[in-house]
Amino acid sequence: MSWHLDAVIYQLHVRTFCDSNGDGIGDFPGLTSRLPYLQDLGVTCLWLLPFYESPLRDDGYDIAHYERIHPPYGTHDDFRRFLDEAHARGLRVITELVINHTSDQHPWFLAARRAAPGSRKRDFYVWSDHTSRYAGARVIFSDTESSNWAWDPVARAFYWHRFFSHQPDLNFDNPGVRRAVVKVMRYWLDQGVDALRLDAVAHLFEREGTSCENLPETHAFLKAIRSDMDRRYGSRVLLAEVNGDAETVRTYFGDGDECQMAFHFPLLPRLFLALVRGDARPIIQAVTATHPLPDGCQWATFLRNHDELALSTLEEHERATVLDACAPDTAMRLHGGIRRRLAPLLGNDRARIEVAFSLLLSLPGSPVLYYGDEIGMGDDVRLPDRDGVRTPMQWSDDTHAGFTDARARRLITPLIDDATYGYRRINVAAQINDPDSLLSRIRRLIAGRRAHPALARGSIEFLQTGSDAVLAFARTHGSETVVVVANLSSAVRSIGLVLPAQTVGLPLVEIVDDVVFPPAAATPYPLSLAPYASLWFACAAAGAPA
Ligand code: BGC
C-alpha cells in the first residue's frame, strides 16, 4: 500500500471551502460538490482542518467534543457521504487528532475544574498551586500569552496550557487520558479516515527541568498508538506536526515505528531563504540533513499552511533576512513568523510562485498544497490572529466569490476583495480553462510528478551547476532518473550542468512543457535559464521500464 509515499495532499478548511446552504459557512455537502475540482487538479489526498464541535476560539483546534461535528458544517451523514465520495474518486482523507489539549468548554475540563483535587476527573488536566512548575517550557503563542499557566477560579488552581489559555493541556501521565484519546483515534479510524495529523504532538508530557517538548514519554506513547493502529486497521498513517530542527523532527519517525509522516519544518523556511537570497545552499543543507528516512516513511513538504510561516529553525540573521524581504510591515508578523499567503510572500511574482511550486513538487517528500494558493490567492492582515490566510475559497467573480449563494448576508470570514488579489480577479473560473494560468501550470506540475514515480520515491543526488543561484538534483527510482534544474534568482543564469553518469547520452525530455532537448552528449551540459525558470528532465534508458 504505502499510498502516503506518493501522495499529493491538498489542505483545506471545510468552513471556508464551499457553502451549500446559504448560511455563509462552508460545509460538508459544499466540499463534496467540489470534489471534481480537486480530482481534476490531480491531488490524491485531502487534509481537513478540525471540523469538530468547538467554540472556535482557535479556529477549531479548541475542541469541545471529539466525536461530534461542528453543526454548521453538516451532519455525520454529510461527513460519511463526503468520505465515501472522496474514496470513490480515489482521494484519501487526513483528519486532525488534536490531543495535546481541549477547549476549556470540553466536558472533561468542565468536570475536572469541579472535581476534587487528586480525583480521577480532576487529573485529566495538569494542575498546580503555583506557576513556577515546568519553568523550562517556552511560551509558544508569545504574542498573546505571557505564561503557560492560567488561573481557574472554579478549581482554585492553575492549569497548564501550551497554547491559548482557553486550551488546557490534557494530562498524559493519567492512564485514563491515554485510554480516552486512543478511543477518539479509533472512532475516526472506524469512520474510515486514512490518516491522522497529530497536532502539537511534541508537547504531550511535562517533566521538571526539561523544555517539556519531545520527551521520551511522548515517543513511547506514539509507538503504542502506532502499534494499536497497525494491529487494528492495517495501512493507516500518522502525520506528526512538530516544528523543530532536522534532528528533532526526524525522531518522530522512530525506527519506522512511530509516525510514517512528519511535516518538513526544517525545509520550509529554507525554501524562502533560498528564494530571497537567490542561493540554493539552504535547500541543499536542509534536504541533506533530513535524509534518508526509515523504510515506509515520508516527509510532508509544504510552502504554506493555515498558520504563520514558521521561521524559528533559522539562525537569527537568516530570520531577519526573510522577515525584511517577505514581511516588511509588522502587521504581517505573528509569533516570530509571517501570517501571509504564498503569492504575497513572493511579491505576487508569477515566475517565483511557479518555481516555489516546482520545488515543492519535485524535492523529496509528499507535497501539501494549501487551498487557494494554486490560484494565487492573497491574504488580509487586518483580520485577527491567522484569519487573514483562512478566507473563503475564490471560485468565481459572482457574489460572494461563488463560495456561497446570494442568500448569505454575512460570511464566516470576509472575502479578499482588494484590487490585486480580490475574488473578481483571482478565482478558479477565470483560470480553469486558461492554459497559461497559474492553476493550469500547477495542474501540469502535479500531473508530471504523478507520471514520474522517481519524483515521489526516488533517491536524491545534488548536481553541480557552477552557480549557487541554480539548484539542480537528480531523483532516481529503478531505471528512471528525473533531473530538476531551478534558477532561484531574478537574473538569467547560464550554467554547465554536471549530469549524473547514467543520463549522459540519453534524450532529455522536459516533463512539464513536453519539450525535447538535445541529448546530453557530454557533461557539463550547457543551459541558459530565465529568472526563476525550472526544468524537469525525464531520462529513462530506452526500453527500460520506469
Ligand atoms: C495548529 C494551530 C493551533 C495550535 C494549537 C497548531 O499546531 O496548527 O493552528 O493554533 O496547534 O492547537
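Values in this document were obtained by computation on a predicted structure and should not be read as measured data. Whatever order the structure lists them in is the order used to number ligands and atoms, beginning at 1.
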Against ligand 1, does [X] come closer than 4.0 Å with any heavy atom?
| X | answer |
| --- | --- |
| Asp58 | yes |
| Arg390 | yes |
| His101 | yes |
| Arg197 | yes |
| Phe164 | no |

Review point. Looking just at side-chain N and O atoms, do Ser312 and Asn243 make a donor-acceptor pair shorter than 3.5 Å?
Key: yes

Check your understanding: Just checking, is any N or O donor in the side chain of Asp228 or Tyr233 under 3.5 Å from an acceptor N or O on the other one?
Key -> no

Check your understanding: Can Arg226 and Asp257 be counted as an ion pair, charged N to O under 4.0 angstrom?
Key -> no

Check your understanding: Is any NZ, NE, NH1 or NH2 atom of the basic residue among Arg382 and Asp387 found under 4.0 Å from an Asp or Glu carboxylate oxygen of the other?
Key -> no

Review point. Between Phe109 and Trp127, how do the two ring planes meet: parallel, tilted or perpendicular, split at 30° and 60°?
Key: parallel

Review point. Using 30° and 60° as the class limits, which term best fits the ring planes of Trp188 and His76: parallel, tilted or perpendicular?
Key: parallel

Check your understanding: Between Tyr134 and Ser128, does a side chain to side chain donor-acceptor pair (under 3.5 Å) hold up when you go through it step by step?
Key -> CA-CA 10 Å; Tyr134 309 136; Ser128 177; over 6 Å; no

Give the atoms of ligand 1, by number and element, whose distance to some non-hydrogen atom of [X] is under 4.0 Å.
| X | value |
| --- | --- |
| Arg386 | 2 (C), 3 (C), 9 (O), 10 (O) |
| Gln167 | 12 (O) |
| Glu241 | 6 (C), 7 (O), 8 (O) |

Check your understanding: For atom 1 (C) of ligand 1, what's the nearest protein heavy atom and its distance?
Key -> Asp199 OD1, 3.3 Å

Review point. For atom 9 (O) of ligand 1, what's the nearest protein heavy atom and its distance?
Key: Asp307 OD1, 2.6 Å

Review point. For ligand 1, does Phe141 get within less than 4.0 Å through its side chain, its backbone, both, or neither, judged by non-hydrogen atoms?
Key: side chain

Practice item. Give the minimum heavy-atom separation between Cys326 and Arg340, together with the two atoms involved. Key: O-NH1, 2.8 Å

